[in-house]
Amino acid sequence: MASRILLPALLLLLCAHLHCGGAARSARGGESGSAVKFDFSPFLIEYKSGVVKRLMGTDRVAAAADALTGVTSRDVTIDPATGVAARIYLPSFRPATKVPVLVYFHGGAFVVESAFNPIYHAYLNTLAAKAGVVAVSVDYRLAPENPLPAAYDDSWAALKWVLANAAPGTDQWLSQYGDTSRLFLAGDSAGGNIAHNLALRAGEEGLDGGAKIKGVALLDPYFQGRSAVGAQAMDPAYLQSAARTWSFICAGKYPIDHPYANPLTLPAASWQHLGCSRVLVTVSGQDRLNPWQRAYYSTLRSSGWPGQAQLYETPGEGHVYFLTKLSTPQAQAEMATLVNFINRDD
């Protein structure tokens, strides 16, 4: 079982956002005999018949008490109409005072994975235990069946649900143990992209009840654009492929230099609206997205935004390596940085 789960994850880490085979190919046929409309390997293939075949990220594990960490989890429905759901994690430690609430968004290029995937389940169990938080892992709808902005809208609905259900007499775990004055958003890859865009929306529109986001952790976030940034040269074919796959994810609604994908194109004043008091950006040395991630951090720091920004770098590792290398010293050090980011006093 472990090897069956690990192999797709490793493919994800090696090829995520590198857009391997990401161009549309019409000549190749699928199992159903239908021609290929778009080949987004190693994630999925969409056929002209309308069938979408996901090649990874479809394994699921049930919510349960985790013997290794002592964390208990259960699933909730956020919106019955859309099917948006979440998995809530509660550490075994029951403090006298309430604990921070962490809303987490999984990665997978907006097209694969879920909150119920074994890899994310293990990661959230570990994070909830080490940080001592009530964690809510959001299962948003995926493209291409539900192209962007569906994932953003679903995640916004989930954030509003968390705040509503932290009130007395609502969700037992959130209302009894969750302190929404210490509210954090976090996500890896596409989930980091979502966390940023939600923080921006929260700053512009506000949150119910005057709630505030204390911090946002962007773990190897999915940011990119039409042109290379910084001193690093970028293969023009890669940039073209990145634009095509982004168009696939949003059904052509937004160009790749839209602020959803490339925050560097935000007007200068918009950065000051980022609705949180601190941001953590993690960068992996072998991640092809790291020029945009570094530029995000630099732009945020120089924007006039009044919060605190932190950059954490892991040399020699690939995109979101920490998900499948959770026990390695590098991943443990990154986890410790995230835990400290959540629990430090300001």
Side-chain angles (χ1 to χ4, degrees), residues 4 7-60 81-85 105-117 138-155 188-194 197 221-227 234-262 288-289 292 319-320:
R4 180 171 62 88
L7 180 57
L10 289 176
L11 286 172
L12 175 61
L13 302 184
L14 291 171
C15 298
H17 314 302
L18 300 187
H19 311 284
C20 306
R25 298 167 188 160
S26 60
R28 197 168 125 200
E31 291 180 352
S32 63
S34 175
V36 172
K37 180 179 180 181
F38 196 89
D39 188 340
F40 197 178
S41 298
F43 304 111
L44 59 76
I45 297 173
E46 183 182 28
Y47 297 99
K48 290 184 176 180
S49 65
V51 171
V52 175
K53 181 179 180 182
R54 286 185 166 80
L55 307 177
M56 59 163 55
T58 58
D59 288 338
R60 295 195 170 206
T82 60
V84 176
F105 309 100
H106 69 81
F110 295 100
V111 299
V112 294
E113 302 294 349
S114 78
F116 314 123
N117 180 275
V138 179
D139 195 56
Y140 53 85
R141 290 173 294 170
L142 301 175
E145 299 93 334
N146 299 282
L148 292 178
Y152 299 136
D153 293 340
D154 293 348
S155 299
D188 66 279
S189 192
N193 177 297
I194 291 171
N197 280 295
Y222 182 131
F223 298 140
Q224 55 187 347
R226 187 171 301 280
S227 303
M234 192 68 68
D235 179 4
Y238 165 74
L239 294 171
Q240 293 170 8
S241 180
R244 285 194 297 268
T245 53
W246 172 258
S247 182
F248 174 74
I249 291 165
C250 67
K253 190 169 185 178
Y254 312 106
I256 196 168
D257 275 334
H258 188 282
Y260 280 160
N262 186 4
R288 206 165 186 176
L289 299 178
W292 286 281
H319 187 68
V320 296

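Here the structure is a predicted model, which is why all the values come from computation and not from measurement.
Under a 3.5 Å cut-off, the side chain of Asp139 and the backbone N or O of Ala85 do not form any donor-acceptor pair. Arg54 places no side-chain N or O within donor-acceptor distance of the main-chain N or O of Glu113, the cut-off being under 3.5 Å. Under the 3.5 Å distance criterion, the side-chain polar atoms of Ser155 are matched with a main-chain donor or acceptor of Ala151. Between the side chain of Ser34 and the backbone N or O of Tyr47, no donor-acceptor pair lies under 3.5 Å. Remark: the backbone N or O of Ile194 is not paired with any side-chain donor or acceptor of Tyr222 at under 3.5 angstrom.
Judged as a side chain to side chain donor-acceptor pair (under 3.5 Å), and not counting sequence neighbours, Gln240 has no contacts. Legend: residues meeting salt bridge (charged side-chain N to carboxylate O under 4.0 Å, His left out) with Arg226, ordered by chain and number and at least two apart, are absent.
A 4.5 Å side-chain heavy-atom check between Pro149 and Asn197 finds every atom pair outside the cut-off. Two residues are said to be in side-chain contact when any heavy atoms from C-beta on lie closer than 4.5 Å; Glu145 and Val52 meet this criterion. Arg288 is listed as a side-chain neighbour of Asp235, based on a closest heavy-atom distance under 4.5 Å. Contact check for Ile249 versus Phe40: side-chain heavy atoms found under the 4.5 Å cut-off. Looking at Tyr260 and Leu148, their side chains never come closer than 4.5 Å, going by heavy atoms from C-beta outward.
The distance from the CG atom of Asn146 to the CG atom of Asp154 is 7.5 Å, given to the nearest 0.5 Å. Atom CE of Met56 and atom CG of Leu44 lie 10.0 Å apart (nearest 0.5 Å). Taking CZ from Phe110 and OG from Ser189, the interatomic distance works out to 8.0 Å, rounded to the nearest 0.5 Å.
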### Task
Carefully, step by step, assess Asn262 and Ile256 under the rule side-chain contact (heavy atoms from CB on, under 4.5 Å).
CA-CA 7 Å; Asn262 186 4; Ile256 196 168; over 6 Å; no
### Task
Would you please test Tyr152 and Asn193 for side chain to side chain donor-acceptor pair (under 3.5 Å) and show each step?
CA-CA 9 Å; Tyr152 299 136; Asn193 177 297; 2.7 Å; yes
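When every heavy atom of Ala190 is checked against every heavy atom of Gly108, the shortest pair comes out as CB-N, 4.3 Å. In terms of heavy atoms, Gln224 sits closest to Tyr238 at OE1-OH, 3.1 Å. Of all heavy-atom pairs between Ala242 and Thr245, the closest is O-OG1, 3.1 Å.
The only option from Tyr254, Phe43, Phe38 that meets the ring-ring contact (aromatic ring centres under 6.0 Å, His included) definition with Phe248 turns out to be Phe38.
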